[in-house]
There are 2 protein chains.
Amino acid sequence: MAYRKTPEVLRRQLAAREHLLTRATDLVAETGWAHTTVGAVAAAAEVSVGSVYQHFPSKSALAVEVFRRASGHEVDVLGETLRGAGEPAARLARGVALFARRALQRPGLAHALLAAPAEPAVGQERLEFRRRYHALFAEVVREGVDAGLLPPQDPWITAAALTGAVGEVLVDPVSTPAPGTVEALVAELTAMALRCAGARTDS
Amino acid sequence: MAYRKTPEVLRRQLAAREHLLTRATDLVAETGWAHTTVGAVAAAAEVSVGSVYQHFPSKSALAVEVFRRASGHEVDVLGETLRGAGEPAARLARGVALFARRALQRPGLAHALLAAPAEPAVGQERLEFRRRYHALFAEVVREGVDAGLLPPQDPWITAAALTGAVGEVLVDPVSTPAPGTVEALVAELTAMALRCAGARTDS
DNA sequence: GCAAGGAGTGAACCATCATTCAGTTCTTTG
DNA sequence: CAAAGAACTGAATGATGGTTCACTCCTTGC
């Protein structure tokens with residue numbers, strides 16, 4: 001035997017894979033899924049088209065991994081906040097604000113993850129992650145209802161509304177124009193979320 | 001001159017056009033935009049591919065018209081209800097219920113219109129119609145706020161949440177399984193909408 | 001240095017569709 | 001019925017973009 005994979009080679013391979021993923025994510029955030037062709041990703045990562053297939057079995061697989069990474073991170077962050085300390089309503093408010101603020105910081109990526117047209121495999125993945133968002137929101141709402149802090153309601157519907165509301169705001173490119181408007185928007189969204197869940201705003 | 005268009009011929013042409021549109025709409029509702037190719041539409045309408053181009057300059061034009069017809073009808077119906085008689089909150093409740101009920105009656109079409117991946121031209125149209133839905137909802141909310149019947153709020157955000165919430169419920173294929181569940185779902189959605197706008201539910 | 005074998009390359013290949021157009025069929029009118 | 005002029009047809013065309021593969025370039029271990 002004259003050749004064996006060395007740790008150094010493996011490290012380099014992994015790095016190349018990471019590089020492809022980050023460049024592909026950037027591309028998706030900037031241009032959307034439609035413009036993210038294999039050729040474009042390869043060019044952005046400064047490798048050949050063929051090399052992409054050394055790391056991913058197909059374009060779909062690459063796209064799905066891009067989606068999973070970005071979305072997974074959001075779910076984790078949101079989950080941490082929603083499951084944190086404090087009363088359910090307070091956690092809900094913090095979660096919505098965090099979710100919205102993060103999305104508004106990276107509008108392109110948020111749009112790609114939540115709404116932009118994508119190939120079927122990514123669409124499937126999107127459904128799966130939407131379910132996770134719903135589950136997280138629904139859990140907090142359920143807690144609030146069970147503790148008598150929120151009025152009786154179907155937590156799943158409320159959760160869907162919250163996800164949908166934030167998503168809607170992002171889908172419309174008319175929004176997020178002035179940087180100074182962000183906090184006002186977040187405040188309005190949070191207030192809406194609390195009303196939506198039936199929390200007393202006693203403003 | 002040996003040939004001139006006869007009213008009969010014009011009628012037949014118009015009928016063929018209508019036929020194409022209805023079959024295309026059915027196809028989109030059943031299989032989504034991706035599977036709705038020119039060839040598939042032609043086959044469904046039992047005409048040749050070339051004939052499609054006698055009625056529409058391009059596939060995009062056909063798709064856009066399919067979308068406009070279906071969505072336009074929904075906007076009209078919703079607008080009528082939201083601008084009808086009664087207090088803002090009552091109209092809002094009726095509008096949401098109507099919107100949801102109609103969507104749940106034709107889940108495939110609703111999904112195609114609100115969420116399914118589509119070509120850019122249709123996506124653009126979708127944005128436009130989403131804005132119309134928002135405007136309709138926002139108008140009612142604004143009326144309620146101005147009349148002091150609803151708490152101060154950004155009507156646009158509330159409208160976005162309402163659209164998003166109904167959309168979310170439809171995007172998830174897990175929903176709308178049992179036919180008997182529809183009314184319960186509509187009731188929950190309506191209650192959520194009223195909370196969302198800050199209307200007193202005084203249940 | 002060198003043989004073995006993987007990694008990297010990109011032009012060629014292939015599949016999918018939208019679109020066109022030369023030929024055919026149908027309608028109208030004299 | 002015949003000529004004119006549309007409407008209809010579907011195979012050919014063209015564009016796009018994912019996938020492959022014969023080839024070159026590196027690394028490794030002797």
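First the proteins, then the strands, lettered A, B, ... as listed; each starts at 1.
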Below the 4.0 Å mark, does C/dT27 have OP1 or OP2 next to a side-chain nitrogen or oxygen of B/R12? yes

Counting only side-chain heavy atoms from C-beta out, which of C/dC17, D/dG18, C/dT9 sits nearest to A/Y53? D/dG18

Would you check if the side chain of B/E125 reaches a backbone N or O of B/V64 as a donor-acceptor pair within less than 3.5 Å? no

Grab the CD-P distance between A/Q54 and C/dA7 for me, whole Å please. 6 Å

Within this structure, what is the CD-to-P distance between B/E46 and D/dG10, rounded to whole angstrom? 12 Å

How many Å lie between CG on B/L10 and P on C/dT27, as a whole number? 14 Å

A/E143 (side chain) donor-acceptor with A/P88 (main chain) under 3.5 angstrom: no

For B/Q13, answer base if it contacts any base atom (sugar-phosphate contacts may also be present), sugar-phosphate if it contacts only those atoms, and nothing otherwise; contact means non-hydrogen atoms under 4.0 Å. sugar-phosphate

Just to be sure I understand the rule, does A/S51 reach a base, reach only the sugar-phosphate, or reach nothing, if contact means heavy atoms closer than 4.0 Å? base

Main-chain N/O of B/F67 paired to B/S71 side chain as donor or acceptor, under 3.5 Å: yes

Could you tell me how far apart A/F56 (CZ) and D/dT19 (P) are, to the nearest whole angstrom? 13 Å

Spacing of B/K59 atom NZ relative to D/dT16 atom C1', expressed in whole Å: 14 Å

Roughly how far, to the nearest 0.5 Å, is the OG1 atom of A/T25 from the CZ atom of A/R106? 11.5 Å

Please tell me which of the listed nucleotides, C/dA18, C/dT20, D/dG18, lies nearest to the side chain of B/V49? C/dT20

Rounded off to whole Å, could you give me the CG-to-P distance for the B/L62 and C/dC17 pair? 16 Å

Ranking D/dT27, C/dA18, D/dT19 by distance to the side chain of A/V9, first place goes to D/dT27

Does OP1 or OP2 of C/dG8 have a side-chain N or O of A/S48 closer than 4.0 Å? no

Separation of atom NE2 in A/H19 from atom C1' in C/dG8, rounded to whole Å: 16 Å

Atom CD of B/E119 and atom C1' of C/dT19: how far apart are they, to the nearest Å? 14 Å

For B/L162 and B/L92: C-alpha separation, side-chain torsions, deciding distance, then whether side-chain contact (heavy atoms from CB on, under 4.5 Å) applies. CA-CA 10 Å; B/L162 295 176; B/L92 184 61; 3.6 Å; yes

